[in-house]
Undergrad: 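Here you go, one structure.
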Amino acid sequence: QMQGLVDETTLKKITVAAAGTSPTSAAPTVAPAAGIRRETTGEGTPPPLQRKVACRYGSQCYQVNSEHLASFAHPGDPCYRKGLVLLEAGQAPQLDTVWHIFMYFDIRESGHLVQGEFFEAAREVALRAGTTVESYKAWADAGGHEQGHIGFVQFAIWSSRLGLKLPV
């Protein structure tokens, strides 16, 4: 299973054979994306996102009580990101849309994927599309060389061209 950022060997060729993710990497401190309001500390800065265990019911969860929502992460929550959400052994992240894939790998909450984040997201897209991708070519095809990052629209277009059949 993958941990942290992709190493140099993996960067050269992303294959379906070694797909997966691991919840064991250290939790990064994540800054909020533009337009997202989060409670602030007394000093006016938002507190870092906390690691949470993934709810076993994911997006099908019907719990709405504050104790459950404070204890468990659900797809679409700000903490449902690689390195922040803790998955049970054998549990894969629930990524039902292109947006969920993008946000899961946007660990900095920047609204963009930098090269390492894109390589991991590309691995997930290739797995779900039943294909393989060469990471540097995929980065170039998605437009990463021009700006040094990939926005969601670029990612969604690239994913569709690769053959990913998920709702946006």
Side-chain angles (χ1 to χ4, degrees), residues 1-38 46 48-52 54 58-59 73-87 91-168:
Q1 293 191 344
M2 282 185 353
Q3 290 182 331
L5 293 178
V6 181
D7 60 48
E8 279 297 302
T9 305
T10 308
L11 293 177
K12 293 180 182 167
K13 180 91 177 177
I14 297 173
T15 63
V16 174
T21 59
S22 173
T24 59
S25 59
T29 299
V30 182
I36 294 179
R37 291 186 180 192
R38 189 170 299 143
L49 293 173
Q50 300 298 311
R51 294 181 81 167
K52 290 185 184 178
S59 63
H74 299 81
D77 290 350
C79 64
Y80 202 88
R81 296 176 190 282
K82 182 170 176 41
L84 287 177
V85 65
L86 301 170
L87 303 168
Q91 183 183 20
Q94 183 181 354
L95 306 172
D96 298 332
T97 67
V98 178
W99 177 248
H100 284 162
I101 294 172
F102 182 86
M103 294 305 294
Y104 184 78
F105 291 102
D106 179 18
I107 61 173
R108 300 168 301 113
E109 258 190 294
S110 67
H112 299 91
L113 299 178
V114 294
Q115 193 175 58
E117 294 168 340
F118 175 80
F119 288 164
E120 291 188 274
R123 179 183 186 131
E124 184 70 29
V125 169
L127 172 68
R128 291 167 180 267
T131 189
T132 60
V133 295
E134 195 284 312
S135 57
Y136 289 105
K137 181 178 181 325
W139 176 249
D141 291 347
H145 288 309
E146 286 96 38
Q147 297 180 345
H149 61 266
I150 302 293
F152 177 68
V153 172
Q154 292 168 289
F155 181 76
I157 292 168
W158 172 81
S159 297
S160 176
R161 289 180 182 156
L162 194 68
L164 184 64
K165 304 284 189 230
L166 285 178
V168 176

Undergrad: About how many Å separate CZ of Phe152 and CD1 of Ile157, when rounded to the nearest 0.5 Å?
TA: 10.0 Å
Undergrad: Aromatic ring centroids of Phe105 and Phe118 under 6.0 Å?
TA: no
Undergrad: Taking all non-hydrogen atoms of both residues, which atom of Ala73 and which atom of Cys79 are closest, and how far apart?
TA: CB-SG, 3.8 Å
Undergrad: May I ask you to test the Glu117-Arg108 pair for a side-chain heavy-atom distance under 4.5 Å?
TA: yes
Undergrad: Just how far is it from atom CG of Asp96 to atom CZ of Arg128, taken to the nearest 0.5 Å?
TA: 7.0 Å
Undergrad: Taking all non-hydrogen atoms of both residues, which atom of Ala121 and which atom of Leu113 are closest, and how far apart?
TA: CB-CD1, 4.0 Å
Undergrad: For Val85 and Ala54, work out which heavy atoms get closest and say how close.
TA: CG2-CB, 3.5 Å
Undergrad: For Val133 and Ala138, which heavy atoms make the closest approach, and how far apart are they?
TA: CB-CB, 4.4 Å
Undergrad: Should Phe155 and Val125 count as side-chain neighbours, where that means a heavy-atom distance under 4.5 Å?
TA: yes
Undergrad: Taking C-beta and beyond as the side chain, do Leu164 and Trp158 meet within less than 4.5 Å on heavy atoms?
TA: no
Undergrad: Which atom pair, heavy atoms only, marks the closest approach of His145 to Ala140?
TA: CD2-CB, 3.1 Å
Undergrad: Measure the NE2-CD1 distance between His112 and Ile150 for me, rounded to the nearest 0.5 Å.
TA: 9.5 Å
Undergrad: Between Leu166 and His100, is any pair of side-chain heavy atoms under 4.5 Å apart?
TA: no
Undergrad: Quick check: do Leu87 and Pro93 have side-chain heavy atoms less than 4.5 Å from each other?
TA: yes
Undergrad: So how far is it from Ser159 OG to Gln154 CD, rounded to the nearest 0.5 Å?
TA: 11.5 Å
Undergrad: Once you round to the nearest 0.5 Å, how far does CG of Leu95 lie from OG of Ser59?
TA: 10.5 Å
Undergrad: Hey, what do you get for CD (Glu120) to CD1 (Ile107), rounding to the nearest 0.5 Å?
TA: 7.5 Å
Undergrad: What's the shortest heavy-atom distance between Gly111 and Asp106, and which atoms?
TA: N-OD2, 2.8 Å
Undergrad: Side chains of Gln94 and Tyr80: does their closest heavy-atom pair fall under 4.5 Å?
TA: yes
Undergrad: Would you say that Phe102 contacts Thr97 through its side chain, given a criterion of any heavy-atom pair below 4.5 Å between the two side chains?
TA: no
